[in-house]
Protein chains: 2
Amino acid sequence: MGRLKKDDKVIVPFQPDRHDHGQCISEAIAAAETYCKKNGLSFTPLRRQVLELVWSSHGPIGAYELLDKLRVSRGNAEPPTVYRALDFFIEHGLIHRIESLNAYVGCGDPARRHGGQFLICRDCKSVAELDDIAIARAVIRRADALGFEAEQQTVEVVGRCSACSGEIKNG
Amino acid sequence: MGRLKKDDKVIVPFQPDRHDHGQCISEAIAAAETYCKKNGLSFTPLRRQVLELVWSSHGPIGAYELLDKLRVSRGNAEPPTVYRALDFFIEHGLIHRIESLNAYVGCGDPARRHGGQFLICRDCKSVAELDDIAIARAVIRRADALGFEAEQQTVEVVGRCSACSGEIKNG
DNA sequence: GGTTATATGATATATTATAACTTATAAAAA
DNA sequence: TTTTTATAAGTTATAATATATCATATAACC
């Protein structure tokens, strides 16, 4: 394995079962609320609820799965309700859309502007979000060499996480 | 601007109007046919036609747009016809799917195995495919640092191509 | 030629997302 | 504080993308 260098972060690591999930969610919601307050964005009850649902899945979740969960408390919810909330958060960097899964995940670091970088385990479906500046820079460097002004970059890597590849080796 | 180094390629550059398109298509089809022959894959008339249509758009094209074009000569074509052909080519690396656009492009270099790296111009909608080893390596390095076995990586960069950003500067 | 595998045709339906119009709520201006 | 304006949410309908399934045809193999 390589080593982590400064400037690199694993925003959301692979450890779905090894943390206090409830605390994880409430911290994310609090951070989002703070972020919205600072930026004059309205953090409505509906939006809060949608964000909580996204975080409580703690992995990518689809819009319609989200809608089902939302309907538990809001029986009348319809697709636009969910999509509007998702769009709002995506626009402000609080949720990322994973294109290759048509699914959504909470962003662990909304303050720092970044494109999405995801490691997606094809076995356990868990997703780790990165913020790897070496990758981002390599992208910008090449875009620049072609006179292309890069505004938003998305990196989605499919493979096997350490837990899942370990399972095969061991079992 | 930076410089291009060895090992780096621009597979499909931004130059939608500056090349012999007919030749470009026929070369791609010929390359695909050769590739299929070498690998024991059946390059049927239907598949050939779908691949031609993808290449003739010379930019990302959606499945249903493709279906419409296919129906000009095959009035009975239905979605599965298009999706099967697309899936076949994607599986064998002859077509890439651009996730953020739900669209498909011909791959200019099927022999060399690679994930998709795309620069997508938000103004003129043109797409350049890269095969930048520095980017790919940066991704693999970080994945490796996390014990993640990267199998397939996709990089999609949205921004403005040189022609479009030039137009603004000049006009 | 008969058997098997592969490809395509055809019908139906699933999944994901948005348009457009209405009502409610909040923020700003008068 | 009423009016105005902007923003958010409710509601209905439909668009856009993709797949499941079963039937038929074609190619490859024995």
Side-chain angles (χ1 to χ4, degrees), chain A residues 32-33 36-54 57 60-92 94-105 125 154 156, chain B residues 32-33 36-54 57 60-92 94-105 125 154 156:
Chain A
E33 187 164 17
C36 287
K37 225 166 241 172
K38 269 190 193 163
N39 293 275
L41 307 172
S42 66
F43 194 70
T44 65
L46 173 64
R47 286 173 178 168
R48 170 190 296 269
Q49 199 184 346
V50 168
L51 190 62
E52 279 170 357
L53 290 173
V54 168
S57 118
I61 184 171
Y64 279 73
E65 198 181 341
L66 213 45
L67 179 57
D68 285 344
K69 297 194 177 197
L70 193 59
R71 279 177 168 159
V72 171
S73 58
R74 294 177 184 251
N76 58 335
E78 296 292 339
T81 299
V82 162
Y83 281 105
R84 282 175 189 144
L86 287 172
D87 290 347
F88 169 83
F89 287 123
I90 289 168
E91 185 182 345
H92 297 103
L94 295 158
I95 284 181
H96 289 292
R97 173 178 161 81
I98 300 187
E99 299 290 349
S100 58
L101 301 175
N102 292 336
Y104 305 84
V105 289
K125 312 296 178 195
T154 300
E156 297 183 13
Chain B
E33 188 163 15
C36 287
K37 226 166 239 172
K38 270 190 191 161
N39 293 275
L41 307 172
S42 67
F43 193 70
T44 65
L46 173 65
R47 287 173 179 167
R48 171 191 294 271
Q49 199 184 346
V50 168
L51 190 61
E52 279 170 358
L53 289 173
V54 169
S57 118
I61 184 171
Y64 279 74
E65 200 181 339
L66 214 45
L67 179 57
D68 286 341
K69 296 194 180 200
L70 192 59
R71 278 177 169 159
V72 172
S73 58
R74 295 176 184 253
N76 56 333
E78 295 291 339
T81 299
V82 161
Y83 281 104
R84 282 173 189 146
L86 288 173
D87 290 347
F88 168 82
F89 287 123
I90 289 168
E91 186 182 344
H92 297 103
L94 295 158
I95 284 180
H96 290 293
R97 173 178 159 83
I98 300 187
E99 299 290 350
S100 58
L101 300 176
N102 293 337
Y104 305 84
V105 289
K125 311 298 177 194
T154 300
E156 298 183 12

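From a predicted model like this one, the values you see are computed outputs, not experimental measurements. Letters A, B, ... mirror the listed sequences (proteins, then strands); counts begin at 1.
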Within the sub-3.5 Å range, which N or O atoms of nucleotides 19-23 of chain C have a protein N or O partner, and how far apart are they?
unit_1: C:dA20; atom_1: N6; unit_2: A:Arg84; atom_2: NH2; d: 3.1

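- Between the CG atom of B:Leu41 and the P atom of C:dA5 there is a distance of 18 Å, given to the nearest Å.
- Note that the OG1 atom of A:Thr81 and the CZ atom of A:Arg74 stand 8.0 Å from one another [nearest 0.5 Å].
- B:Tyr104 comes within 4.0 angstrom of sugar-phosphate atoms only, judged by non-hydrogen atoms across all strands, and of no base.
- Atom C1' of nucleotide D:dA9 and atom CG of A:Leu67 are separated by 14 Å, given to the nearest angstrom.
- The interatomic distance linking B:Glu65 (CD) with D:dA16 (C1') rounds to 12 Å, in whole Å.
- Nearest nucleotide to the A:Tyr83 side chain, out of D:dT17, D:dA9, C:dT16: C:dT16.
- For the pair B:Leu66 CG and D:dA18 P, the computed distance is 11 Å after rounding to whole Å.
- Each of C:dA17, C:dT8, D:dT17 was ranked by its minimum atom distance to the side chain of A:Asn102; first place goes to C:dA17.
- Between B:Ser42 and C:dT6 there is no side-chain polar atom (N or O) within less than 4.0 angstrom of OP1 or OP2.
- Of the listed nucleotides (D:dT17, C:dT18, D:dT11), D:dT11 has the atom at the smallest distance from the side chain of A:Thr81.
- Rounding to the nearest 0.5 angstrom, the gap separating the CZ atom in A:Arg84 from the CG atom in A:Leu46 is 9.5 Å.
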Walk me through whether B:Ser73 and B:Gln49 qualify under side-chain hydrogen bond (donor to acceptor under 3.5 Å, both in side chains).
CA-CA 10 Å; B:Ser73 58; B:Gln49 199 184 346; 2.5 Å; yes
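- Contacts with DNA chain D (heavy atom under 4.0 Å) in residues 68-79 of chain A: A:Arg74, A:Asn76, A:Glu78, listed by number.
- Taking side-chain N and O atoms only, B:Thr44 has a distance below 4.0 Å to OP1 or OP2 of C:dT8.
- Across C:dA17, D:dA18, C:dT8, the shortest atom-to-atom separation from the side chain of B:Arg47 is found for C:dT8.
- Taking a cutoff of 4.0 Å between a charged side-chain nitrogen and a carboxylate oxygen, B:Glu52 and B:Arg47 do not qualify as a salt bridge.
- If you take CG on B:Asn102 and CG on A:Asn102, they are separated by 6.5 Å, rounding to the nearest 0.5 Å.
- Atoms CZ and OG1, on A:Phe88 and A:Thr44 in that order, are 7.5 Å from each other to the nearest 0.5 Å.
- You'll find a donor-acceptor pair under 3.5 Å spanning the side chain of A:Tyr64 and the base of C:dA17, going by distance alone.
- Across all their heavy atoms, B:Ala77 and B:Leu70 have their closest contact at CB-CD2, 3.9 Å.
- The distance between atom CG of A:Leu101 and atom P of C:dA17, rounded to the nearest whole Å, is 11 Å.
- No side-chain heavy atom of A:Asp87 sits less than 4.5 Å from a side-chain heavy atom of A:Glu91.
- The nearest pair of heavy atoms linking B:Pro60 to B:Lys125 is CD-O, 3.9 Å.
- Going from atom CD of A:Glu99 over to atom C1' of C:dT15 covers 16 Å, rounded to whole Å.
- Between the CG atom of A:Asn39 and the P atom of D:dT7 there is a distance of 16 Å, given to the nearest Å.
- Rounded to whole Å, the distance from CG on A:Asp87 to C1' on D:dA9 is 14 Å.
- Two residues are said to be in side-chain contact when any heavy atoms from C-beta on lie closer than 4.5 Å; A:Leu51 and A:Phe43 meet this criterion.
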